[in-house]
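A short write-up of the structure that comes next.
Count residues from 1 along the sequence. Reckoned from all heavy atoms, side chains included, excluding hydrogens, waters and symmetry mates.
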Amino acid sequence: MRVAVLQLSAQGMSSTKLYNYIRIAHTKGIKVLLLGEYILNPFFKELESMSISMIKEQAEHQSKVLRELSSTYSMTIVAPLVIVKKQKAYKTVAKFAPSSTAYYQQQLLINYSHWNEEKFFANEVKAIESPMVFKVDGFKFAVISGFELHFDEIFAGLSAKNIDCVLLPSVSTFDSYERWKSLILSRAFIHNCYILRANRIGSYADKDFDWKFYGDSLLASPNGELLEHLGNKEELMIVDMSHTDVINSRRSWGFKEIIKRCK
């Protein structure tokens with residue numbers, strides 16, 4: 001399975017880079033393309049001062065572009081997107097497939113005093129459900145948001161689904177580089193699946209903080225190894241993943257079999 005991460009900064013209403021990079025990805029045989037958080041929309045702190053009509057206009061414009069690109073190039077594009085319904089903003093991850101569009105509404109949102117998405121967005125607070133799962137050419141993907149990687153309950157909903165790869169869009173910043181890498185590699189190993197992380201680049205400054213988004217998009221193997229990663233620049237990362245390697249990893253470590261014997 002050939003997949004790509006497009007590591008960008010926020011694009012606003014511009015679609016030029018999306019067109020250019022997705023066209024290149026098509027020539028490389030890419031089946032699935034992943035974007036990081038707050039690329040199709042401005043960063044969360046900027047959204048707080050934007051009108052709901054402007055947020056809606058940006059989302060509808062970029063959705064139209066990605067639906068068109070997905071159909072034109074027969075590519076599944078997974079991209080975080082803030083959408084507006086009944087004058088309320090919702091944080092989602094959209095999946096644009098050649099013949100359909102689906103949305104995963106983020107279930108667990110960050111709620112710290114300096115970064116309170118839970119307060120701003122209208123996402124429903126309810127019992128944890130299984131994240132979005134889909135297949136492309138028999139290869140099974142799951143989609144979660146970056147913040148949700150921290151929670152065992154999210155992965156509990158995926159444990160019986162035999163996921164080949166978790167797609168992880170993120171917006172990591174500050175001095176979290178090593179911590180995020182360690183967490184991703186650990187999750188990949190524990191669950192014996194690939195994790196493909198797309199982190200945005202760029203920066204945002206307010207009176208209290210300087211938010212620098214450092215990139216480091218990466219691919220972790222089912223054995224918890226770092227296979228590929230990017231730096232802090234605008235780049236397209238192309239990776240190949242194997243269902244056979246996932247199966248071999250699970251057989252080798254036997255974690256699921258041990259749990260089954262305890263039931």
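One hydrophobic cluster, built from ILVMFWY side chains closer than 4.5 Å, holds both L149 and V5. Hydrophobic clustering (side-chain heavy atoms under 4.5 Å, transitive across Ile, Leu, Val, Met, Phe, Trp, Tyr) groups F139 together with L167.
Ring planes of F43 and Y38: perpendicular class, angle over 60° (limits at 30 and 60°).
Here K31 pairs with D137 under the salt bridge (Lys or Arg N to Asp or Glu O under 4.0 Å) rule; sequence neighbours left out.
If you chain together ILVMFWY residues whose side-chain heavy atoms come under 4.5 Å of each other, F255 ends up grouped with F189, W253.
Closest heavy-atom contact between Y104 and P131: CE1-CA, 3.6 Å.
Taking the centre and axis of the six-membered ring of Y103, the NZ or CZ atom of K95 falls outside the cone set by 45° and 6.0 Å.
Side-chain N/O atoms of Q105 and T92 include no donor and acceptor closer than 3.5 Å. In summary, the side chains of N248 and R251 do not present any donor paired with an acceptor at a separation below 3.5 Å, with no hydrogens or angles considered. Residues W115 and E117 bring a donor and an acceptor atom of their side chains to less than 3.5 Å of each other. Looking only at atom types and distance, the side chain of T173 has no donor-acceptor partner in the side chain of Y204 under 3.5 Å away. When only modelled atom types and interatomic distance are considered, Y90 and E124 share no side-chain donor-acceptor pair under 3.5 Å.
Each side chain to side chain donor-acceptor pair (under 3.5 Å) pair with one or both residues in residues 156-170, not counting sequence neighbours, appears once here: N162-K256, D164-H243, S170-R197, S170-N199.
Ring pair F147/F151: centre-to-centre distance below 6.0 Å.
Taking the charged nitrogens against the carboxylate oxygens, K212 and D175 have no contact shorter than 4.0 Å, which rules out a salt bridge.
Remark: the backbone N or O of A97 is paired with a side-chain donor or acceptor of S70 at under 3.5 angstrom.
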